Amino acid sequence: MCLAMPSKVVDVLNDDMAIIELGGVKKTISLGLVEDVTPGDYVIVHVGYALSKIDEDEALKTIALFEEMTKNESVAP
Amino acid sequence: MCLAMPSKVVDVLNDDMAIIELGGVKKTISLGLVEDVTPGDYVIVHVGYALSKIDEDEALKTIALFEEMTKNESVAP
Amino acid sequence: MSTRTAYTRSLDLKNGVVEMSHGGGGRAMSQLIEQLFGDAFANDILAQGNDQAAFELPRGKVVMSTDSFVISPLFFPGGNIGNLAVHGTVNDVALSGGQPLYLTAGFILEEGFPLKDLKTIVDSMAHAAHEAGVYIVTGDTKVVERGHGDGVYINTTGIGVITDDIHISGERARPGDKILINGYVGDHGVAIMSLREGLGFEASVQSDCASLNGLIGDMVKAVPDIHVMRDPTRGGLAATLNEIARQSGVGMMLNEPDIPIRDQVRGACEILGLDPLYVANEGKLLAICPEDQAETLLHAMQAHPLGKQAAIIGSVIEDANSFVQLKTGFGGTRVVDWIAGEQLPRIC
Amino acid sequence: MSTRTAYTRSLDLKNGVVEMSHGGGGRAMSQLIEQLFGDAFANDILAQGNDQAAFELPRGKVVMSTDSFVISPLFFPGGNIGNLAVHGTVNDVALSGGQPLYLTAGFILEEGFPLKDLKTIVDSMAHAAHEAGVYIVTGDTKVVERGHGDGVYINTTGIGVITDDIHISGERARPGDKILINGYVGDHGVAIMSLREGLGFEASVQSDCASLNGLIGDMVKAVPDIHVMRDPTRGGLAATLNEIARQSGVGMMLNEPDIPIRDQVRGACEILGLDPLYVANEGKLLAICPEDQAETLLHAMQAHPLGKQAAIIGSVIEDANSFVQLKTGFGGTRVVDWIAGEQLPRIC
Amino acid sequence: MKHVDEYRNGDTAQKLAATLAREVDPARDYRLMEFCGGHTHAIFRYGVQDLLPGNVKMIHGPGCPVCVLPISRIDQAIAYARRSDVILCSYGDMLRVPGSKFTSLMKAKAEGCDVRMVYSTLDALELAQNNPDKKIVFFAIGFETTTPPTAMAIKQAETMGLKNFFILSNHVLTPSAIQNILESPDVRALGSVPLDGFLGPAHVSVVIGSQPYEYFVEEFQRPVVISGFEPLDVMQSILMLVRQLNEGRAEVENQYLRAVTHMGNTKAKKLVAEIFELRRVFEWRGLGEVPYSGLRIKEEYAAFDAEVQIPVETPPARENKACECPAILRGMKKPTDCKLFGTHCTPENPMGSCMVSAEGACAAYYSYGRFREAV
Amino acid sequence: MKHVDEYRNGDTAQKLAATLAREVDPARDYRLMEFCGGHTHAIFRYGVQDLLPGNVKMIHGPGCPVCVLPISRIDQAIAYARRSDVILCSYGDMLRVPGSKFTSLMKAKAEGCDVRMVYSTLDALELAQNNPDKKIVFFAIGFETTTPPTAMAIKQAETMGLKNFFILSNHVLTPSAIQNILESPDVRALGSVPLDGFLGPAHVSVVIGSQPYEYFVEEFQRPVVISGFEPLDVMQSILMLVRQLNEGRAEVENQYLRAVTHMGNTKAKKLVAEIFELRRVFEWRGLGEVPYSGLRIKEEYAAFDAEVQIPVETPPARENKACECPAILRGMKKPTDCKLFGTHCTPENPMGSCMVSAEGACAAYYSYGRFREAV
Ligand code: SF4
Ligand code: SF4
Ligand SMILES: [Mg+2]
Ligand SMILES: [Mg+2]
Ligand SMILES: [Mg+2]
Ligand SMILES: [Mg+2]
Ligand SMILES: [Mg+2]
Ligand SMILES: [Mg+2]
Ligand SMILES: [Mg+2]
Ligand SMILES: [Mg+2]
Ligand SMILES: [Mg+2]
Ligand SMILES: [Mg+2]
């Protein structure tokens, strides 16, 4: 199932390494498989490697789509 | 001080090994440093090796000498 | 005792290490016991210096509990094996609703362990015992060869008394009862994991390890009819609630959003693929009480420093299968089964 | 408890080994505890299934003692670590003159240890407890990784009560008192050494390990005013008598020919360069009582199966230096000091 | 937790559930396979099934790299572990997976073998550096997501000049497996296991992109929606599949646009292509021998290939004949159809791989199915 | 126990004591040195001194191979132990002997070195067989008694083809040491430590025979009685010395006839001569450098010589300057003359070798001397 979590890059280190943060927890990972990552970016981390950056625009669009898809529904009390 | 105990040879094994007995305790030792040992002999055992046979005649003479040296003494009550 | 003269040279607490002779029954052992343990734990009963402790107990039912502590690493954020060994047994005794009074301490030391670290551990034990108001009254020291231990293992066994009006036991959960916890879940386990070789992450989470007898005293005073109390240590909430469900022949329904979990604990669990409900706690208790007294109990808990984040996290339900279930924040339901074996960090 | 159904597959007691999961707090641990320990130790208090045992105690002073057992090898002629762990703590409690009633059992298991051997050990514990008339009422199980243990370590902690007329304690030895022992010295240590790698000798000596509470009951009945009782375990007679001498501020004079020692024990000690007075015992007790009651006590001891070879082996004397001395069969006198560290076999 | 919590919102879930309930055609069933264990996990973990209409049936596919590994490969790993000159390391997931005769890496460890759990290949490299007198064999498993980190480790071992670092490669390819399922007679010809649509993998697709699924959609005329692993992602994707099915479409749609592009991670793909090559055939548990579905290390990097450098022999693996994992993995049987289920085979003593990971079909049934049957 | 119990009889002891008491000349002192720790041990263990007339003074000589080993040799053994490729083994006696800076083999073991106690060189050979990937260094110590078993082990290692068995030889020669004491200015010229006669070693003499002592008797005109190690042997030998002194004789007499012959064990002597050769000089603790007093392995057997095959470097050993062992071993000072005695230096933390073995002068004083002063 490939457990991977979106994590914020808080520091880019030497040798393609970086420190990421999730829920206040920090971990050192490798950026060897991705390009152009800078602090503040969110990356998907799997077994200690970033696999991709998160596209913030697309994320917003997905959230918007939730609204769109459910605009006629109301939450049960 | 070279701790060594007179022990009875109860069994001679292959490879110059033997089983000795002291106070009912048995142990396997080497006869590699002595000659002509047969079961029933007493040997002086040091660090797992017999160093010499005990000369039974001389032992009896030593005991006799105790008598000899103290023949005029009596034990305090 | 005019015995100090027997040890003309004092323990080398700076550079010394545990040697086999410290467990050999001779003067070295006697000196270690007297100068390290005796000094730290000093009390009249221990000073009897016999192979057993003798003391008077107040009236009431006697309660006794034992635990061995084998934690690695020995020192961790928020504590060490020494105070953990006191907290753990104080809690197991107190969770009966009784008052813990006396502890025994059995040490299994590994040859080569620094005496300096042992001193730190022993001092922490003494401090924790003092804070909890219990006395370490007798002990034992063994030394094992290097490669047969892990620095220090500690067994503590505690004794206390319960007054006659208290009947807290694992089989007393009844459908309708409420399930309470005194605070955040999973801190201890995450603090330990953050130090494990290979997992290495950085979190400011501290172990929650603490003696809960003060809190429990307040709880029992507020609600003497607490049905069940237990600490969710190894195996976490999941294991403890399943145990109780099985013992009482009931089911449980937890409400996920009500379970207090720190962001850092959630974060660490997400990274490692673990579930906080299975992570160990060392300063938490689960209490189950009649529904109509749940609020009273909650307020008593919240009034104590160790219960500030206390919460009602679910209810006991009828269930012939004794399942523990969880209503998720998402709106679904799942079973919170026991874990099979240990929870291992995973990648998929 | 209708809990058996939770374990659909039974423990593999033939080929199974201890795994980390047996200590993980999950179902594997629960099953091990229930099916191995629970079945063997079965009693009503243990069956409460809580993290602590609750019970009533008869009136009297309470006495408590703890010991961890780390013996290697685990199985030896005359016993194993299981019954040893029961005997040891039963004795430490009983030596107060009290009646041992309940034990706790804490296991530290090493990953990979055969469940079959664990079962043998646990069954021996159960048998020893049954014979001694005590109940194992609560316990704990930890599993450590391979290379951090030695198969099994066991902590037992015992509790009992003493009637008000008994005042046995290490500081009560008085000049003139007689020193008694209940039988042969050194059997346990020699039985263990006969199995040690590198020492390998063959002796039919069995460990003397036994629960002495029956014998002690008879002794206390015969002579309620026993001053001191203690078991000469690690460090042997020498360590125990030196401890008592120091605690009481007295000296002792032993008479070597009166000390019962088997030929085989003497033989093994001669071979290894050891002194039987420093060799461990696990079914022996030293008693110190007023001179005028020594014969009465001796007869009471000799009337019990575990005291047939009992003997008066010396006297307490005045000595500001608290030396333990020995009048040798040869006619001289020597000091029986504590050993420095462990007694090691030697060549010179 | 940003990019996480938004996708776990209960209110949104209820609204999506209502939309779904309204939009499904009550006259038909929607049999949707989530190929990937990540989706299975989300469904169980958040109780997603409670929010789905009764006629939307989720079928759990073989999408767990642990579950699809044949027993012979576990035996091989254990054989390495048993060598006194080897430290075998792997991800935590692999430790409890049963090999032949009730063994597992965990049990090998209990017996004294040096087996280490690592979180990352970075840790495995560190092990190699710290134990120069041992051979470090990394038991590499996983789909396309996990292959690039293994490839990276080989590159790094080369740079670091490590001579004691070896990979036992068990990396497999998702598209081949999906194709195999769709081509199986049960699905294709007999129609005994009708599958109406697929949730496409999240993190596999992060690497391979959405492009590879286009072939299936065309070839098999079933819709595929690539879906994130959070529960709202799953619900939204199910809704997208339902809409495609309602509208008679069969397209590749990408719900997980925030992380998955059309071509995926080209840097990672290039690295994998440099180091690995296709095996002609690789055995999948449950699927049998699947052509061109596994990766082996190329000859240029054979210095790091455990199978080349440290050949071990293992007796032919004996699968427990009664274990129904193969049929279960293909969606043809249920765990309760297995005679061993819950009696001889439990999560504590798994006999088949489906009982190992929490997402394994048998393990899930053991915990959740018991519950479903009870209520 | 035959050949043991006869020599421990208390009645005979009393009678011998009475004879001794009657035969000594009250007008003089008899200062007798027992060279050998075995005699010292018997004297302490059975309380022999209680049975001797006040003017018979036993002076404990340097006859313990543990006590005479210089600190640098202990450091060397520890240096071997610290090598990760070495298992260092030795007799139990050596484990607690202090090297420089408070170390000892026991402490090295506690720090993680692989140090094993063996009972016999046979066990050391077994260690080598069972640990083919380790170098087994046997730290060999002892007088002539203990040398043949070491020689034998080298022969056996050769026969067995062992390539991982090495000896660190510290075997020393008794006659050289006795001669050194007799030639020391304190004894010979200054007369500050008068020695009237010697108890000759029991088991050393079993190997070397009584013949080697004839030279001393002639050269130094002091009587020597070779004595068994049982307490009656010791008393009888003391009586024999007293009689010689009373009669103005200075001869070699052999009380231990049941085990000691004139030429000793020729088989053992031949074996030792085949394998060992004299060192030009060897350092003894307390005696300093004694010419031709130690044995090293001959070049033909250098394959088994740890010093040749596995050279280790140790910084120059620092003896604790305040330790009076050297003077004590030569009979010139008493333990209580040492500032460290009983405060910094105790049997639990020995700083000098005399505090290590129960027969060491300082250890004996610590236990028994405290008692002697108290009564
Ligand atoms: S229950 Fe076990 S044996 Fe049966 S199919 Fe599932 S994994 Fe295989
Ligand atoms: S007391 Fe210690 S330091 Fe002093 S001479 Fe004796 S051994 Fe040396
Ligand atoms: Mg407990
Ligand atoms: Mg506990
Ligand atoms: Mg004890
Ligand atoms: Mg508890
Ligand atoms: Mg005790
Ligand atoms: Mg005890
Ligand atoms: Mg416990
Ligand atoms: Mg005791
Ligand atoms: Mg291995
Ligand atoms: Mg070494």
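Bear in mind the structure is a predicted one, so any value in this text is a computation, not a measurement. Numbers restart at 1 for each chain; the letters A, B, ... are given by sequence-line order, proteins then strands.
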Can you tell me how far apart CG (F:L51) and OG1 (D:T333) are? Round to the nearest 0.5 Å.
8.5 Å
Around F:K2, counting heavy atoms of other residues, nucleotides and ligands shown, do more than 12 lie under 6.0 Å from its NZ?
yes
Option that, when pairs with chain D are counted at under 4.5 Å, heavy atom only, ranks first among F:D123, F:D93, F:V66
F:D93
Less than 4.5 Å to any heavy atom of chain D: does that hold for the side chain of F:L232, its backbone, both, or neither?
both
Sort out for me which of F:R116, F:M1, F:M106 touches chain D most, counting heavy-atom pairs under 4.5 Å.
F:M1
Shortest non-hydrogen pair, D:F330 vs F:R8, comes out as CD1-O, 3.5 Å
Which atoms of F:T146 are under 4.5 Å from chain D, going by heavy atoms: the side chain, the backbone, both sets, or neither?
side chain
Are any of the side-chain heavy atoms of F:D5 and D:R266 separated by less than 4.5 Å?
yes
Counting only heavy atoms closer than 4.5 Å, note whether D:L277 contacts chain F via side chain, backbone, both or neither.
neither
For D:S204, enumerate each residue passing the side-chain hydrogen bond (donor to acceptor under 3.5 Å, both in side chains) test, keeping only those at least two apart in sequence or located in another chain.
D:Q264
Measuring from atom CZ of F:F44 to atom OG1 of D:T328, what distance do you get when rounded to the nearest 0.5 angstrom?
13.5 Å
Below 4.5 Å from any heavy atom of chain D, which atoms of F:M94 appear? Answer side chain, backbone, both or neither.
neither
D:R334 side chain to F:G47 backbone, donor-acceptor under 3.5 Å
no
